[in-house]
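A short write-up of the structure that comes next.
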Amino acid sequence: MRTVLSKFPHLRQDFFASIVVFLVALPLCVGVAVASGVPAELGLVTGIVGGLVTGLLPGSTFQVSGPAAGLTVLVFEAVREFGAGTLGLIVLGVGLLQIAMGVARIGRWFRAISVSVVEGMLCGIGLVLIAGQLYTTAGLKAPETGFGKIAGLPGAFADAFGDRTALTSLALGAGAIVVIVLWSKLPRWVRTVPGALAAVVLATVVTQVFGLKVATVEVEGLLGVVQLPGADAFGHLGTPAVWGTIIAFTLIASAESMFSAAAVDRLHDGPRTRYNQEMIAQGTGNAVCGLLGALPMTAVIVRSSANVVAGGRTKASRVLHGVWLLLFAAALPSALALIPVPALAGILVHAGWKLIPFRELAEMWREHKGEALILVVTAGSIVAVNMFEGVLIGLALSVAKTAWEASHVRLEVIDKGTGPVTAYLSGNATFLRLPKILDSLESLPQDRPVELDLTGLHHLDHACRTALESWAGRHSAAGTEPVKLTRLTTAA
């Protein structure tokens, strides 16, 4: 024992941290899988790969990877549109793209994505996730679209309150949410058991003791759900929608992992994340998950922070959590069949609520109303249209806002009543501001000398340069000195 401890001096801390992470990960792995419309075991497979494969690779010491609530909506839509057999191919494509991005050393660039777009993406996911899982807590079938899910909630609750079975299911899901919320207020020694796990265990006990007629998790066995992508799946590669889904998965999974890395690095004083290596590690894990037909993975902030708080010191803690998931899936698969689905739905409703950035939105509105607007539009677009197009709309708005702000230009006119009129342009003169610039210049007197000084400009694009030269050539009236143009020799 002493020999082992001398080789692995932090084994004791890592062992106990891995138990905590396992207890946090277990209900989430199962819940995300069920909500995604695939067998519960596939969520465990992704968690196992996240521990045993991604956990061993370089990149981050403390990040823990597995199936994430943030991808649930997109996975559900992909399974519904292309079938569960194509999911593995999509995840494999995501993994290969992430590996390529890591090799190309662009992993760090994902941190440059506008925070408002990322927060809006998570907000939109959270809203759709909450709406969809509220139907599940009541044992009802959810509409297919995000807007339909939200719009149909009043009618769904009216139906549930008129149906005793649905009301029982709804009460069980609501009870799971209450347990999670109240669990955080209990003494610290009690909170050693994660609130989500406590909610699942209590809901399972209540269901069995009182013989409640609610849906429970369907179990097929670990080996029964693992399957390689077949020929039919590869036939979908000719469909543009599949490639759009792969790109959407890649964008969202990579952004969530990189943002998680930045957040986790703020929680500890240990080794910093190497973003390109972490991107390769995430891609390798997703490639393996794809080959096994499992769910996509991301680094998950809840599990990662639990690892740090529980005292994890090395990669051993996240690897061991994968070992415990594997042992559970192999030795106790029948235990999954006892878990009531409404309780898992309640856990995901709570997870979706935490994805909505209430505090960040309030701060943005006070300090940067434009960024707050991008957040709201991105979230609304995801709900109204779909995930991929909603994120693209948010990115387009962010780029447009940046371009608009970068084109700020100031025109200062000095007219002393006699002599030449002097006009100073400063800032960035681009085509976006050209109409305003020309309107101001054309209002200058044509019967007096005019001097246009461009030396205060940081940038002058070709469109503005051409337009200003044209204006200078035709502005002055006959008999008046032509406009004197002090050129910007370093303009682009």
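Hydrogens, waters and symmetry mates are skipped; everything else that's a heavy atom, side chains included, is used.
Heavy-atom minimum distance, Ile347 versus Ala196: CD1-O, 3.6 Å. Here the closest heavy-atom approach between residue Ala25 and residue Arg303 is recorded as CB-CD, 3.6 Å. Considering every non-hydrogen atom in both Ser169 and Pro342, the closest pair reads OG-CG, 3.0 Å. For the pair Ala17 and Gly311, the tightest heavy-atom approach, listed with the atom from each and the gap, is CB-C, 4.2 Å. Closest non-hydrogen pair, Phe234 versus Pro229, comes out as CE1-O, 3.8 Å. Residue Ala69 comes nearest to Leu348 through the heavy atom pair CB-CD2, 4.3 Å, listed as atom of the first residue, atom of the second, then distance.
The structure places CG of Leu170 at 11.5 Å from OG1 of Thr136, a figure rounded to the nearest 0.5 Å. One finds the CD atom of Glu389 at 11.0 Å from the CD1 atom of Ile382 (value rounded to the nearest 0.5 Å). Rounded to the nearest 0.5 Å, atoms CD (Glu278) and CZ (Arg274) are 10.0 Å apart. Leu295 contributes atom CG, which lies 12.0 Å from atom CD1 of Ile90 (distance to the nearest 0.5 angstrom). Rounding to the nearest 0.5 Å gives a distance of 11.0 Å between CD of Glu119 and OG1 of Thr378. Ser60 contributes atom OG, which lies 11.0 Å from atom CD of Gln277 (distance to the nearest 0.5 angstrom).
The 12-atom threshold is exceeded at CH2 of Trp183, counting heavy atoms of other residues, nucleotides or ligands nearer than 6.0 Å. For Phe358, the CZ atom sits in a packed shell: over 12 heavy atoms of surrounding residues, nucleotides or ligands are nearer than 6.0 Å. Within a 6.0 Å sphere centred on CD of Glu218, heavy atoms belonging to other residues, nucleotides or ligands number 12 at most. Within 6.0 Å of the NZ atom in Lys185, the count of heavy atoms belonging to other residues, nucleotides or ligands does not exceed 12. Within a 6.0 Å radius of CZ in Arg105, no more than 12 heavy atoms belonging to other residues, nucleotides or ligands are found.
Residues Phe147 and Val385 fail the side-chain proximity criterion, which asks for heavy atoms closer than 4.5 Å. The closest side-chain heavy-atom distance from Ile280 to Leu57 is not below 4.5 Å. Side chains of Val24 and Leu197 form no contact here, defined as non-hydrogen atoms less than 4.5 Å apart. The closest side-chain heavy-atom distance from Pro296 to Leu71 is below 4.5 Å. Taking the side chain as every heavy atom from C-beta outward, Arg318 and Ser65 never approach each other to under 4.5 Å. A heavy-atom distance below 4.5 Å is not found between the side chains of Val21 and Ser317. Counting heavy atoms from C-beta outward, Leu127 and Ile356 have side chains that approach closer than 4.5 Å. Looking only at side-chain heavy atoms (C-beta outward), Ser381 and Val377 come within less than 4.5 Å of each other.
The backbone N or O of Ala261 sits less than 3.5 Å from a side-chain atom of Gln63, completing a donor-acceptor pair. Using modelled atom types, no side-chain atom of Thr207 and backbone atom of Leu212 make a donor-acceptor pair closer than 3.5 Å. Proximity of a side-chain donor or acceptor of Tyr135 to a complementary backbone N or O of Ala156 within less than 3.5 Å is not detected. The backbone N or O of Gly126 sits nowhere less than 3.5 Å from a side-chain atom of Trp353 that would complete a donor-acceptor pair. Distance alone, capped at 3.5 Å, places no donor-acceptor pair between the Ser36 side chain and the Val38 backbone. Thr239 contributes no side-chain N or O that, together with a main-chain N or O of Val242, makes up a donor-acceptor pair within less than 3.5 Å.
Evaluated for a side chain to side chain contact (heavy atoms under 4.5 Å, CB included) with Val319, the options Asp14, Thr54, Val53, Leu56 yield exactly one hit, Leu56.
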Derivation of the side-chain contact (heavy atoms from CB on, under 4.5 Å) call for Phe82 and Thr245: CA-CA 10 Å; Phe82 307 113; Thr245 302; 3.5 Å; yes
side-chain contact (heavy atoms from CB on, under 4.5 Å) for Thr46 and Val32? Distances and angles first, verdict last. CA-CA 11 Å; Thr46 299; Val32 168; over 6 Å; no
Check against side-chain contact (heavy atoms from CB on, under 4.5 Å), Val226 and Val45: CA-CA 8 Å; Val226 172; Val45 171; 4.1 Å; yes
Start with the C-alpha gap between Trp324 and Leu327, add the side-chain angles, then the distance that decides, and say whether side-chain contact (heavy atoms from CB on, under 4.5 Å) holds. CA-CA 5 Å; Trp324 310 141; Leu327 292 176; 3.8 Å; yes
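Between the side chains of Ser254 and Gln98, at least one donor N or O lies within less than 3.5 Å of an accepting N or O.
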